[in-house]
Amino acid sequence: MKNKCSLKVNGKNITVEVSDTTTLLEVLRDHLGLTGTKEGCGKGECGACTVLLNGKAVNSCIVFAHQVEGQEVITIEGLNEDPKSKHIQEAFIDEGAVQCGFCTPGMVVSSKALLIKKKKPSKEDIREGLSGNLCRCTGYTKIINAVEEAARRIEDEDV
C-alpha cells in the first residue's frame, strides 16, 4: 500500500508516494533524482548516504520516508545553495581530502552538521563528528584538515 509523504527537500516542498518500507535514500535518489547522496552499505554503517534532517546528520538508508513527514531534508545538492557550505567543499578540494569521491558527499554533509553545532571544532570534535563516515581510500588526516580549514574560512567570512 502506498501513502503520500510530504516533506521539504533542499528548500522545496515535495510530495511523493511511498510504501511503509521506502527509505529516505530511495526517495532522494529514485523519486527526486538527487544522486549526490550515495548508497554504500545500506545498513547505516558507512555514512555515504548522510543528509541533514532538521539540521542533524542522519543516515538516509535507515530512515523510512514516512518518518520524515513534514520535516526538512538537506542533501549535498542543497548545500550548494548555502554560501558557507562552499567553504567546506572548497576546503576538501584544497586539502586533498577528496579521494575516489564516493564518501565525500556524506563527509561534507556530516562536516556541515558539525560546523552548525561547533564553529571551532577541535581535531577530536571533528573525529567524533565524522565517526559515522567511512573512507576506504586512505586515512582521515586530510579530511580532518579540510574540516579545520573550512571552519577557519567560515570564521574569517563572519568577521
Side-chain angles (χ1 to χ4, degrees), residues 1-92 97-122 124-137 140 143-144 146-147 150-151 154:
M1 183 174 150
K2 299 254 182 184
N3 298 303
K4 288 191 178 188
C5 177
S6 297
L7 60 152
K8 187 180 240 182
V9 177
N10 298 336
K12 296 177 184 166
N13 292 318
I14 61 117
T15 299
V16 292
E17 286 195 17
V18 297
S19 72
D20 290 345
T21 59
T22 302
T23 66
L24 176 58
L25 176 63
E26 291 170 323
V27 168
L28 297 173
R29 289 185 58 86
D30 302 339
H31 295 251
L32 304 178
L34 298 169
T35 57
T37 304
K38 305 298 183 203
E39 181 171 8
C41 67
K43 299 176 183 172
E45 295 175 357
C46 74
C49 65
T50 303
V51 297
L52 295 179
L53 178 62
N54 299 325
K56 294 183 180 178
V58 299
N59 294 318
S60 63
C61 71
I62 57 170
V63 175
F64 291 118
H66 66 83
Q67 293 175 303
V68 298
E69 171 76 29
Q71 299 185 50
E72 182 174 10
V73 176
I74 305 289
T75 69
I76 188 70
E77 290 91 346
L79 292 183
N80 289 334
E81 306 301 319
D82 175 19
K84 291 185 180 179
S85 294
K86 77 175 181 189
H87 294 302
I88 300 169
Q89 295 173 5
E90 289 172 357
F92 266 69
V98 177
Q99 299 296 315
C100 79
F102 192 80
C103 72
T104 304
M107 291 281 188
V108 169
V109 172
S110 290
S111 299
K112 175 66 179 178
L114 172 65
L115 295 174
I116 289 171
K117 285 190 330 190
K118 226 169 196 174
K119 295 198 182 297
K120 290 183 180 180
S122 66
E124 188 56 36
D125 294 332
I126 296 169
R127 283 188 198 97
E128 185 177 326
L130 300 179
S131 62
N133 297 80
L134 299 177
C135 173
R136 299 183 196 287
C137 293
Y140 295 87
I143 294 169
I144 291 167
V147 178
I154 291 169

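Atom set for the values below is all heavy atoms of this structure, side chains included, hydrogens, waters and symmetry mates excluded. Values in this document were obtained by computation on a predicted structure and should not be read as measured data.
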Report summary line: All heavy atoms of Cys46 vs all of Gly40, minimum pair found to be SG-CA, 3.6 Å
Report task. Enumerate the residue pairs fulfilling ring-ring contact (aromatic ring centres under 6.0 Å, His included) with a member in residues 37-76, sequence neighbours excluded, ordered by first and then second residue. Result -> Phe64-His66
Requested in this report: Determine, step by step, whether Leu115 and Lys84 satisfy the side chain to side chain contact (heavy atoms under 4.5 Å, CB included) criterion, reporting the C-alpha distance in whole Å, the side-chain angles of both residues, the deciding distance to 0.1 Å, and the verdict.
Outcome: CA-CA 10 Å; Leu115 295 174; Lys84 291 185 180 179; over 6 Å; no
Query raised in the report: Given Met1 and Asp20, is the side chain to side chain contact (heavy atoms under 4.5 Å, CB included) satisfied, shown in steps?
Result: CA-CA 8 Å; Met1 183 174 150; Asp20 290 345; over 6 Å; no
Query raised in the report: Could you state the interatomic distance from CG (Asn54) to CD (Glu72), rounded to the nearest 0.5 Å?
Result: 6.5 Å
Report summary line: Closest non-hydrogen contact found for Leu134 with Met107 is C-CE, 4.1 Å
Requested in this report: Measure the CD-CD1 distance between Gln89 and Ile76 for me, rounded to the nearest 0.5 Å.
Outcome: 5.0 Å
Report task. Can you measure from CG (Leu7) to CG (Leu24) and round to the nearest 0.5 angstrom? Result -> 7.0 Å
Query raised in the report: When rounded to the nearest 0.5 angstrom, what is the spacing between NZ in Lys43 and CG in Asn59?
Result: 13.5 Å
**Report entry** Test log, rule side chain to side chain contact (heavy atoms under 4.5 Å, CB included), inputs Val51 and Ile74
**Finding:** CA-CA 6 Å; Val51 297; Ile74 305 289; over 6 Å; no
Query raised in the report: Val27 pairs by side-chain contact (heavy atoms from CB on, under 4.5 Å) with which of Leu32, Val68, Leu34, Val63?
Result: Leu32
Query raised in the report: So which heavy atom on Leu25 is nearest to which on Cys49, and how close?
Result: CD1-CB, 4.0 Å
Requested in this report: Output the distance between atom CD (Gln71) and atom CG (Leu53), rounded to the nearest 0.5 Å.
Outcome: 4.5 Å
Query raised in the report: Any side-chain heavy atom of Leu130 sitting closer than 4.5 Å to one from Tyr140?
Result: no
**Report entry** Val9 vs Leu28, side chain to side chain contact (heavy atoms under 4.5 Å, CB included): CA-CA, chis, key distance, verdict
**Finding:** CA-CA 9 Å; Val9 177; Leu28 297 173; 3.9 Å; yes
Query raised in the report: For Glu128, does the CD atom sit with more than 12 other heavy atoms under 6.0 Å from it, leaving out its own atoms?
Result: no
Report task. Kindly give the heavy-atom pair with the smallest separation between Ser111 and Val147, and that separation in Å. Result -> OG-CG2, 3.2 Å
Query - Thr75-Glu77 side chain donor-acceptor pair, cut-off 3.5 Å - result: yes
Query raised in the report: Between Glu69 (side chain) and Ser6 (backbone), is there a donor-acceptor pair under 3.5 Å?
Result: yes
Requested in this report: Give, for atom CG of Leu52 and atom OG of Ser60, the distance between the pair rounded to the nearest 0.5 Å.
Outcome: 11.0 Å
Query raised in the report: Of the non-hydrogen atoms in Ala151 and Pro121, which two are nearest, and what is the gap between them?
Result: CB-CD, 3.9 Å
Query raised in the report: Is it true that a side-chain atom of Lys119 and a backbone atom of Ile116 form a donor plus acceptor pair closer than 3.5 Å?
Result: no
Query raised in the report: How far apart are the closest heavy atoms of Ala65 and Cys5, and which atoms are they?
Result: O-SG, 3.3 Å
Report summary line: The residue among Lys117, Lys120, Lys118 that forms salt bridge (Lys or Arg N to Asp or Glu O under 4.0 Å) with Asp125 is Lys118
